[in-house]
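Report on the structure given below.
Naming convention: chains lettered A, B, ... in sequence-line order (proteins, then strands); numbering from 1 in each chain.
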There are 2 protein chains.
Amino acid sequence: MAPTSLGQLKPRKQPVQDRSHATVDAIFEATVQVLLRDGARKLTTRRIAERAGVSIGTLYQYFPGKEALLYALVSRQLDLAASAVEEACRENHGRPINQCSDTFVNAYIDAKASNPESSRALYQATAGLDMKELIDTAIMRLHRAAYSLLASSSDDLVDDLDNVVFSLIAVVTGGTRQIFEGDDTATRLPTFREQLARMCRAYLNESKVSKRV
Amino acid sequence: MAPTSLGQLKPRKQPVQDRSHATVDAIFEATVQVLLRDGARKLTTRRIAERAGVSIGTLYQYFPGKEALLYALVSRQLDLAASAVEEACRENHGRPINQCSDTFVNAYIDAKASNPESSRALYQATAGLDMKELIDTAIMRLHRAAYSLLASSSDDLVDDLDNVVFSLIAVVTGGTRQIFEGDDTATRLPTFREQLARMCRAYLNESKVSKRV
DNA sequence: CCCAAAAATGAACGATTGTTCATATAATAG
DNA sequence: CTATTATATGAACAATCGTTCATTTTTGGG
């Protein structure tokens, strides 16, 4: 969990009054909006503060810098998505392989689709910054959750399950990203979800012990 | 600034001497290196010129601005990859579905893997800039190539082939991106390629007319 | 060798960046 | 109420940004 210098990246002040919570939320929300409207290149602390309706000084009372703000935003979102997937996987242990597959695919897409704007913004925010540790941590959580789910399945899977899960996650997260970064997300997401579910089921069924000589 | 005016984004001067070609190449190469080493946030025209071993003035004799430089770089790379995939698809018309699938997957990954550093840099470069048109064009080329390839297959496919191809491309491009943006690309790419190929084959075989009632 | 064209240079400019800090306002406890 | 802490403000700063352009150096044909 500990990045290089976590002390520099944590919030400067912890809120004790209600209004400061509201301020922090407004800053996060403004960051997402600026990211969506102006893009990562024009994402400045001034613009964020302006859209949030607070002064630039206020922003710097809660975050030691711009990087820390983005770091906190991304961290929050990734944790939310990972937790949702973990819970869904936990609740579906021991089911047939097809159901396990659908569980993972749908849980991940649901998590992203629950706030499409934030998801879009997130992809922009991670660019150009060193969010690798954060992303790696989230992916590891997905990996553990999916591995555990599939290993618990009532169907037997191949022994190189690690590679299967690794590829599955790359495809699900990467494919979903393409949809969210492309046009007509709302229109195309249902179709993609269905096709991705079919694809993952077919792949995992192909990976059963019984299918491999 | 007007991002959509294409005239502003084209090279300012066309090279007539050899050394100027070398200069342009050096600038492109330097852009990739800065992108990889310092990230998109620290990608400045000064830094690019410095690493290319030219003055800042020289950079602005070939490109009207930073955006135009990135636009040209991304455009070149996307065109290269799309052309490679198109050619491979053309050469494999009329084959069985499994071979068509492998053709597309391997052609795309080969194109990206032929210069992993450029591919990595490309993903960073597209962030925060308005490269949507460029990317859409490239994806449309991939779509046409894959559609034509699969439609020509000796096996019959479902009638909603457009949706199948759309999802296939999202998964292949998105999944590959995840591998290139992650750690240990060189180590993990062969495994991912193999698993992705299996996944796409399984998916397309599931999409045959004979399998759907 | 010479000289017009091509290519390269980097000091300089205004705009904008991230960040700080002395000050002002709002909330809360006694 | 008063005193104290929490929160909010925005002018100001140094650094750096993208870009321009008058000038110099290099090139290649005559």
Residues, nucleotides or ligands: over 12 heavy atoms within 6.0 Å of B/E91 CD: yes
If we ignore angles and hydrogens, is there a donor and acceptor under 3.5 Å between the side chains of B/S207 and A/R198? yes
A cation-pi test, strictly: NZ or CZ of B/R76 under 6.0 Å from the centre of the six-membered ring of B/F28 and no more than 45 degrees from its axis. Yes or no? yes
For B/E50, I'd like to know if atom CD has over 12 heavy atoms of other residues, nucleotides or ligands within 6.0 Å. no
B/Q61 CD to C/dA8 P, straight-line distance once rounded to whole Å: 7 Å
Expressed as a whole number of angstroms, how long is the span from B/Y60:OH to D/dG18:P? 6 Å
Between A/L43 and A/G57, whichever has its closest DNA chain C nucleotide further toward 5' is A/L43
Check whether any side-chain nitrogen or oxygen of A/S55 sits under 4.0 Å from OP1 or OP2 of D/dA8, and answer yes or no. no
Write down the distance between CZ (A/R41) and C1' (D/dT16), rounded to a whole number of angstrom. 14 Å
Which one, D/dT26, D/dT7, C/dG10, comes nearest to the side chain of B/I56? C/dG10
Could you check whether any side-chain N or O of B/K132 sits under 3.5 Å from a backbone N or O of A/G182, counting only pairs where one atom can act as donor and the other as acceptor? no
Using atom CG of A/D18 as one end and atom P of D/dT5 as the other, report the distance to the nearest whole Å. 20 Å
Expressed in angstrom and rounded to an integer, what is the separation of B/I27 atom CD1 from D/dT19 atom P? 13 Å
Grab the NE2-P distance between A/H21 and D/dA8 for me, whole Å please. 12 Å
By the 4.0 Å heavy-atom rule, please label A/I48 as base, sugar-phosphate, or nothing. nothing
With a cut-off of less than 4.0 Å, is there a side-chain N or O of A/T45 near OP1 or OP2 of C/dG18? yes
Could you tell me the separation between the CG atom of A/L59 and the P atom of D/dT7, rounded to a whole number of Å? 15 Å
Between D/dT25 atom P and B/R19 atom CZ, what is the distance in whole Å? 13 Å
Per atom distances to the B/K66 side chain, the nearest of C/dT19, D/dG18, D/dT9 is D/dG18
Establish, with yes or no, whether the OP1 or OP2 oxygen of D/dA6 is under 4.0 angstrom from a side-chain nitrogen or oxygen of A/S20. no
Out of C/dT9, C/dT19, D/dA8, whichever nucleotide has its closest atom nearest the side chain of A/R46: C/dT19
Starting at the 5' end of DNA chain C, which residue's closest nucleotide do you reach first, A/T44 or A/T58? A/T44
